[in-house]
Amino acid sequence: MKIILFCQNAYAFGILAPIRDVLLEQEHDFLWYISGKLLDNFPYKNENYTVSTLDLQLYKSDAIFVPGNEVPYYIRGLKVQVFHGLAGEKKGHFRIRHYFDLYLTQGPYFTDKFNELKKIHKNFDVIETGWPKLDVYSSEKNRYDFEKKAILQQYNTDKIVLYAPTFSPSLTSAPFLLKEIKDLAEQTGYVIFIKFHDLMDHKWIRAYRTLANEIPNVLFKDDKNIIKSLLQADILISDTSSVIYEFILLNKPVISFKNIAEKVLWDNSNSYTGLTKKVLDNFHIDPHAAERAYINMQFHPYQDGKSALRMVNAVKNHIETNGVPEKRELSLARRFKINSMFGKPILNPFNGEKINKISAILITYNEDIHINAVLENVKFADEIIVVDSFSTDGTIEKIKERPEVKLIQRPFVNYTDQKSYALEQATNDWVLFLDADERVPDRLRNEILETVNSKEPTADAYYFYRIFMFKNKVLRFSGWQRDKNYRLFKKSKVHFTQDRIVHETLIVNGQSGILKNKLIHYSYKNYEDYKGKMIKYGQMKAVEEFKKDYSPNLYHFTFRPFYKFFNHYILRFGVLDGKKGVIICYLNALGVYSRYKELKRLRNLR
């Protein structure tokens, strides 16, 4: 079988890894799909993975395992929901969104409810297999005992308490238990692990990190997989989190605050007080031991560590009986939602003969936040070259992790000089020349491959229109709506003009064209970063204009910046971008002012 392991959030790694192990044992082919935000922390980069849904279309899978609520309907394969938790009381757990062909359930409680829904909707199947994330309980239950013993000896105590709340703003106890956790640590001396979900509000992450820095026996846990903490802890403190059920399945006591379950079978409080007493009572009396046994039977009765194996076999048998679905039929509203999340399907993915190779080229300096994403983005090129100006922020280390990338370090003189040198290094005639903050969406990638491999290309160089991103939102106006640059061209037909050192100009000795699909430009990270860029570009532009031998005056310092703002904000409709438009248009005007300020300084030094 060909399997996609579909990850939208980091918690999916721990759920899908046991399935991956079974696929390896049975010699099935598999491909990880990870959302772009997970790229830096993806733990299996030595395995086959992608961030592109176009790659998923080309892969032509037989099945897709999804520990989430959405999956692209247009990807070939049996769409299998494996769930991302055990909290059946949470809103949406039993909502049928019609994305899945098969639900693999954790235990009788879930199986019965989904079978009831199957009778209504009649467009999916349900098979009980157990939950793969808990397979580790069988194989590693005592793995961390030695480390736990060392921790207890270090802090001279006999218990570890785990605080793992939900991230949901309406349900989390994090804002209310800060003082209670502090009191518990100081009064009992117990070791307290703090483990937050990836999506927890950063305000509370900072608050609890500060607490851990102040109190020695409070330890903030940064590791992605919570299993180790669950195995080491003697009691759990939470609220309405699915981790409660994972912990109860280890037959250890739980304390929750304002849990929304219809039937709470552990110690739950409706007020955020008395935590220390509750912890001591549960250790000494353990009043909910019988209820834990019931949860084990209903939620996950499997102790053999073979849930992942049952899942793979269930999928294999289902496909043998029913075949492989080419796609999932959905309502228009559901298709629109998926298209907005993952992009529209490519109707005719290029899968023909590559008659021309592409060299992807970048010049970089301190692009740590972009480098992994852009290098991943251009993996479809036949050669990747990075010319770096001796970065100091970790960019180089990340590039060196990719053996397929040719890295050259060279001092930066100006943009024209650096790009001209980089272009000379390309071994292929077709060149894709990007900035580190640019991304090629799947539809543009497909168009590039079709264009380059056409037997009769219509041009020697192609402009790309660009979509300007303000943080993670599209800036639709403010002068950027018609922004375009040469990004794809034949090396043999172009050169950079030498009379400009910033906003370098490409001279094309041949025909030019424009590709239909747009490049994404993540230029605006934050206010200070973009302000720095505008000032830097303005100062470099001043060096160009210094040769023209004219003196800036009041006109240059007042009218030119004003007109820049007026032109972008009014004439180019920046007003329609709201607050974002004001910021961008102001900073563009600041770049003009900085140019003449620097020009005046240079003339005074002459």
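Atoms considered below: every heavy atom in the structure, side chains included; atoms not considered: hydrogens, waters and symmetry mates.
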[atom1]/[X]: more than 12 non-hydrogen atoms of other groups inside 6.0 Å:
{"X": "Asn348", "atom1": "CG", "result": "no"}
{"X": "His202", "atom1": "NE2", "result": "no"}
{"X": "Lys327", "atom1": "NZ", "result": "no"}
{"X": "Lys379", "atom1": "NZ", "result": "yes"}
{"X": "Glu47", "atom1": "CD", "result": "yes"}
{"X": "Phe390", "atom1": "CZ", "result": "yes"}
{"X": "Lys473", "atom1": "NZ", "result": "no"}
{"X": "Lys344", "atom1": "NZ", "result": "no"}

May I ask you to decide whether [X] forms a salt bridge with [Y], counting only side-chain N to carboxylate O separations under 4.0 Å?
{"X": "Glu447", "Y": "Lys516", "result": "no"}
{"X": "Asp29", "Y": "Lys2", "result": "no"}
{"X": "Glu383", "Y": "Lys406", "result": "no"}
{"X": "Lys419", "Y": "Asp435", "result": "yes"}

Task: Test: Arg410 cationic atom under 6.0 Å from Tyr421 six-membered ring centre, within 45° of axis - done: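 Because its charged atom sits under 6.0 Å from the ring centre and within 45° of the axis, Arg410 does stack over Tyr421.
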
- [ ] Flag this pair as yes if the NZ/CZ of Lys79 is under 6.0 angstrom from the six-membered ring centre of Tyr99 and inside a 45 degree cone about the axis; otherwise no.
- [x]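 Ring-cation test returns no.
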
Just so I know, are the side chains of [X] and [Y] near enough to count as touching, which here means a heavy-atom distance under 4.5 Å?
{"X": "Val386", "Y": "Thr395", "value": "no"}
{"X": "Leu31", "Y": "Ser61", "value": "no"}
{"X": "Tyr74", "Y": "Asn339", "value": "yes"}
{"X": "Phe470", "Y": "Ile584", "value": "yes"}
{"X": "Leu590", "Y": "Pro561", "value": "no"}
{"X": "Val592", "Y": "Asn588", "value": "no"}
{"X": "Asn485", "Y": "Phe464", "value": "no"}
{"X": "Val312", "Y": "His28", "value": "yes"}

Exam field: side chain [X] to backbone [Y], donor-acceptor pair closer than 3.5 Å:
{"X": "Ser454", "Y": "Glu450", "answer": "no"}
{"X": "Asn322", "Y": "His318", "answer": "yes"}
{"X": "Asp55", "Y": "Thr50", "answer": "no"}
{"X": "Ser512", "Y": "Tyr462", "answer": "no"}
{"X": "Asn356", "Y": "Val452", "answer": "yes"}
{"X": "Asn446", "Y": "Phe350", "answer": "yes"}
{"X": "Asp201", "Y": "Lys203", "answer": "yes"}
{"X": "Asp388", "Y": "Gln409", "answer": "no"}
{"X": "Gln418", "Y": "Ile363", "answer": "no"}
{"X": "Tyr103", "Y": "Phe100", "answer": "no"}

Open item on the list: Quick check on the 6.0 Å ring-centre criterion: do Tyr465 and Tyr463 meet it?
Closed with: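 No; Tyr463 has its ring centre 6.0 Å or more from that of Tyr465.
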
Task: Ring centroid separation Phe342 to Phe6 under 6.0 Å - done: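 Aromatic pair counts; centres sit under 6.0 Å.
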
TODO: Begin from the C-alpha positions of Leu506 and Phe496 and carry the test side-chain contact (heavy atoms from CB on, under 4.5 Å) through to its verdict.
DONE: CA-CA 5 Å; Leu506 190 74; Phe496 290 102; 3.7 Å; yes

Open item on the list: So which atom in Val431 and which in Lys491 form the shortest heavy-atom distance, rounded to 0.1 Å?
Closed with: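 For Val431 versus Lys491, the nearest heavy atoms are CG2-CB, 4.1 Å.
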
Open item on the list: How long is the straight-line distance from CD1 of Ile34 back to CG of Leu5, given to the nearest 0.5 Å?
Closed with: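 Going from the CG atom of Leu5 to the CD1 atom of Ile34 covers 11.5 Å.
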
TODO: Run the numbers on Phe412 and Tyr365 for ring pair (Phe, Tyr, Trp, His ring centres under 6.0 Å), then give the verdict.
DONE: CA-CA 9 Å; Phe412 182 86; Tyr365 177 69; 8.1 Å; no

- [ ] Apply ring pair (Phe, Tyr, Trp, His ring centres under 6.0 Å) to the pair Phe433 and Tyr486, showing each step before the final yes or no.
- [x] CA-CA 8 Å; Phe433 211 133; Tyr486 283 116; over 10 Å; no

